[in-house]
K.L.:
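This is the structure I want to talk about, given as structure tokens.
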Amino acid sequence: MADVAFVPVPGSRRSAALPQAQESGTLDDAERLETTLVLRRRSPLPAELVTGPATVTRAEFADRYGADPADIDTVRAALTGHGLEIVAVDQASRRIVVGGPLATQSAVFGARLSRMSAPNPFDGGTVAYRHREGELRLPAELAGVVTAVLGLDDRPQARAAFRVAAAEATTASFTPPQLGTVYGFPTDVDGTGQTVAIIELGGGFGQADLDAYFGELQLAPPTVTAASVDGGQNRPSGDPSGADGEVLLDIEVVGGLAPGAHQVVYFAPNTDQGFLDAVSTAIHADPTPVAVSISWGASEDQWTEQARASFDQALADAAALGVTVTAAAGDGGSADGATDGTAHTDFPASSPHVLACGGTSLTADASTGAVRSETVWNSGSGGGATGGGVSTAFDLPSWQQQVGVPAGPTGGAGRGVPDVAADADPATGYRVRVDGKEMVIGGTSAVAPLWAALLARLAQRTGSGFGLIQPTLYGTTTAGAVAPGFRDVTSGGNGAYEAGPGWDACTGLGVPTAALADVLTGPDIAAPSDPAPSSAAPSGSAPSGSASAGRGARSAVADQ
């Protein structure tokens, strides 16, 4: 390929190997790899589609804002000419999967690859991974057409934001329905007709756990479908303290708070490629989910610029299609687990296209919902604390301009995290069942599915999803003021930041109250159906194809 002209892929530079990494053998040049290429949009997404209230069908979105067919043809011709195979094309999400031997992929994309092993920074084990450093390249004819090349480096990308409570440390715990009472979830709807997507990067679940758990709650088990992305599988490990704990926590929180909603759980490898592919697949699924719940993430600086930008663009797709993405703000306090003495925010929660979910410590009467106290979750050194802070990667969005977001770690203005909060302290956590074991689990990873479930209930009232919900939640709220529909949390801190009146970088606007339903749906909107209230045992199933298509794609289901 000496005579072929190449250009660099902007934002593709990889940093050094994982800490304490060592070479662990050689790579097989004949090994088959599949990489994901992200293409530019055919046209920019208009602001009114991202923030609402403009709408677009799924088919219109793909045609207007997906990949240009001419660009797809250009990529196909260029890469097949270099000996690679086009495995799959998704015009709407602008992704092309390219297959071929490791040696060919390395040569075409200029990747310097090696086999490494290192302590896994996210789960304490050891991981063997394909490592690359430096910048990637593309054939010159693809300059500006391809914006990201993912999958050559397969190091772990994210951690699950959950914490298992030690039995002796638990002061109180709640079932998800009890937290629905505490936070005033509406009882005339249960999520029937809605789809909630859940992203998982490991672990699995078994039906026996769901049958037993929901039987104890006197609820019919929800309909849960496992979907495979990039070879990821619903594969329970049998370790309730591992990724299985995250998977069952997410499913059981959504199922306990929106038992009528259909859940689709997307399993993907824990890589930047797998994470992006899972989220993109969920967002562009048919029927469109009302919410996508993400309980995995990593500090912004642990992502390459190309991966973070591609991910954020996918999240903008979600907003345009009427999908609300809820994401955990992380469990490492204001440092987000970093040891450099600087504040960090967790991505994807730091994206302005995500509803970032922080955590509290809750003391309440589980039967009546009466709250005795609620403070910022901070269990101290080693015990976890809610993430939150100011992004160094994303600008301050318009809907946060007036709420008093402080300057970021570098002194500039940035997107403030989180937006909202709910109980996350393992000591006051969620009673769940994992791998046959009754457990109490906390972490902000429980807050993301809680908010997704609330939106599923409210979408049943309106008949459509909410998309980018922050402009409505923040409204005209100013610094120090309590936003309508919220209860302010004003005590505690997460390290660099302290809670106070109004929005803060620990619990955002605060926790939901019963009044939030009127803020989002209006006081006079009746539920379009007559489901059993959440305290009863609903059918647990959603009619095939009946899930709401959301604000931005409501008519697309009828069109297809």
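Side chains included, hydrogens not; waters and symmetry mates left out as well; all remaining heavy atoms used.
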K.L.:
So, using salt bridge (charged side-chain N to carboxylate O under 4.0 Å, His left out) as the criterion, who are the partners of D277 when residues are at least two apart?
P.N.:
R95

K.L.:
Would you confirm whether T195, through its side chain, and P289, through its main-chain N or O, come within 3.5 Å as a donor-acceptor pair?
P.N.:
no

K.L.:
Kindly say whether A349 contributes a backbone atom to a donor-acceptor pair with the side chain of D346 at under 3.5 angstrom?
P.N.:
no

K.L.:
Would a distance-only check, ignoring hydrogens and angles, find a side-chain to backbone donor-acceptor pair under 3.5 Å from T444 to A328?
P.N.:
no

K.L.:
When you compare the side chain of P352 with that of W399, does any pair of heavy atoms fall below 4.5 Å?
P.N.:
yes

K.L.:
Mark yes when over 12 heavy atoms from residues, nucleotides or ligands other than D395 sit less than 6.0 Å from its CG; otherwise mark no.
P.N.:
no

K.L.:
Just by distance, no angles: are the side chains of Q263 and T223 close enough, under 3.5 Å, to form a donor-acceptor pair?
P.N.:
no

K.L.:
Walk me through whether V371 and T363 qualify under side-chain contact (heavy atoms from CB on, under 4.5 Å).
P.N.:
CA-CA 6 Å; V371 177; T363 303; over 6 Å; no

K.L.:
Mark yes or no for whether T386, through its side chain, and G359, through its backbone, hold a donor-acceptor pair below 3.5 Å.
P.N.:
yes

K.L.:
Are L248 and V432 packed together at the side-chain level, in the sense that at least one heavy-atom pair is separated by less than 4.5 angstrom?
P.N.:
no

K.L.:
Using atom types as modelled and distance alone, determine if a side-chain donor or acceptor of S173 lies under 3.5 Å from a backbone N or O of V440.
P.N.:
no

K.L.:
I'd like to check V390 versus P406 (side-chain heavy atoms, cut-off strictly below 4.5 Å). Are they in contact?
P.N.:
yes

K.L.:
Show the nearest heavy-atom pair for residues F267 and N234, with the distance to one decimal.
P.N.:
CE1-CB, 3.5 Å

K.L.:
Are any side-chain N or O atoms of D312 and backbone N or O atoms of R308, one a donor and one an acceptor, separated by less than 3.5 Å?
P.N.:
no

K.L.:
For E374, which residues count as a salt bridge (charged side-chain N to carboxylate O under 4.0 Å, His left out) partner, sequence neighbours excluded?
P.N.:
R487

K.L.:
Could you check whether any side-chain heavy atom of P512 comes within less than 4.5 Å of a side-chain heavy atom of V420, counting everything from C-beta outward?
P.N.:
no

K.L.:
Sort and list the pairs that fulfil salt bridge (charged side-chain N to carboxylate O under 4.0 Å, His left out) and have at least one residue in residues 432-441, not counting sequence neighbours.
P.N.:
D209-R433, R433-E438

K.L.:
Rounded at 0.5 Å granularity, tell me how far CG in L516 sits from CG in L454.
P.N.:
6.0 Å

K.L.:
Find the distance between CG (L49) and OH (Y65) and round it off to the nearest 0.5 Å.
P.N.:
4.5 Å

K.L.:
Under 3.5 Å, side chain of T326 to main-chain N/O of A448, donor-acceptor pair present?
P.N.:
yes

K.L.:
Scan side-chain atoms only and decide if T192 and D190 contain a donor-acceptor pair under the 3.5 Å cut-off.
P.N.:
yes

K.L.:
Using a strict threshold of under 4.0 Å (side-chain N to carboxylate O), is an ion pair present between D188 and R457?
P.N.:
no

K.L.:
Measuring from T288:OG1 to Q194:CD, what's the distance to the nearest 0.5 Å?
P.N.:
11.5 Å

K.L.:
Report yes or no: does W451 contribute a side-chain atom to a donor-acceptor pair with the main-chain N or O of A421 at less than 3.5 Å?
P.N.:
yes

K.L.:
Less than 4.5 Å apart, side chain to side chain, heavy atoms only: is that true for E200 and D250?
P.N.:
yes

K.L.:
Restricting to non-hydrogen atoms, name the atom on G256 and the atom on P176 that form the minimum distance, rounded to 0.1 Å.
P.N.:
CA-CB, 4.0 Å

K.L.:
Working to the nearest 0.5 Å, report the span between CG of D317 and CG of L45.
P.N.:
6.0 Å

K.L.:
Which pair of non-hydrogen atoms, one from S445 and one from P449, has the smallest distance, and what is that distance?
P.N.:
O-CD, 2.8 Å

K.L.:
What distance separates L201 CG from I294 CD1, expressed to the nearest 0.5 Å?
P.N.:
9.0 Å

K.L.:
Examine distances only and state if a side-chain atom of T507 and a backbone atom of G510 form a donor-acceptor pair shorter than 3.5 Å.
P.N.:
no

K.L.:
Just checking, any donor-acceptor pair under 3.5 angstrom between side chains of E300 and T345?
P.N.:
yes

K.L.:
Do Y430 and E252 make a side-chain contact, defined as non-hydrogen atoms from C-beta onward lying under 4.5 Å apart?
P.N.:
no

K.L.:
What is the distance from atom CD of Q157 to atom CG of L276, rounded to the nearest 0.5 Å?
P.N.:
10.5 Å

K.L.:
Run the side-chain contact (heavy atoms from CB on, under 4.5 Å) check on W377 and N494 step by step: do they pass?
P.N.:
CA-CA 7 Å; W377 166 45; N494 67 351; over 6 Å; no

K.L.:
Kindly say whether the aromatic ring centers of F275 and F311 come within a distance under 6.0 Å.
P.N.:
yes

K.L.:
Going by the angle between their ring planes, with limits at 30° and 60°, are F394 and F347 parallel, tilted or perpendicular?
P.N.:
parallel

K.L.:
Which heavy atom of A499 sits nearest a heavy atom of V489, and at what distance?
P.N.:
CB-O, 3.7 Å

K.L.:
So, do Q178 and R431 sit near enough that their side-chain heavy atoms are less than 4.5 Å apart?
P.N.:
yes

K.L.:
Does any part of the side chain of V403, heavy atoms only, come nearer than 4.5 Å to the side chain of Y474, both counted from C-beta?
P.N.:
yes

K.L.:
I need the minimum non-hydrogen distance between A158 and N270, along with the two atoms involved.
P.N.:
O-ND2, 2.8 Å

K.L.:
Donor-acceptor pair, Y183 side chain versus D423 backbone, under 3.5 Å?
P.N.:
yes

K.L.:
Run the side-chain contact (heavy atoms from CB on, under 4.5 Å) test on V265 and T225 for me, step by step, so that the C-alpha distance in whole Å, both residues' side-chain angles and the decisive distance to 0.1 Å come before the verdict.
P.N.:
CA-CA 6 Å; V265 185; T225 302; over 6 Å; no

K.L.:
Closest approach of A92 and F61, non-hydrogen atoms and distance?
P.N.:
O-CE2, 3.7 Å

K.L.:
When you check the side-chain N and O atoms of R461 and T521, is any donor under 3.5 Å from an acceptor?
P.N.:
yes

K.L.:
Pair L362, L179 - check side-chain contact (heavy atoms from CB on, under 4.5 Å), show working.
P.N.:
CA-CA 10 Å; L362 173 70; L179 288 170; 3.5 Å; yes

K.L.:
Side chains of D419 and Q470 only: does a donor on one sit below 3.5 Å from an acceptor on the other?
P.N.:
yes

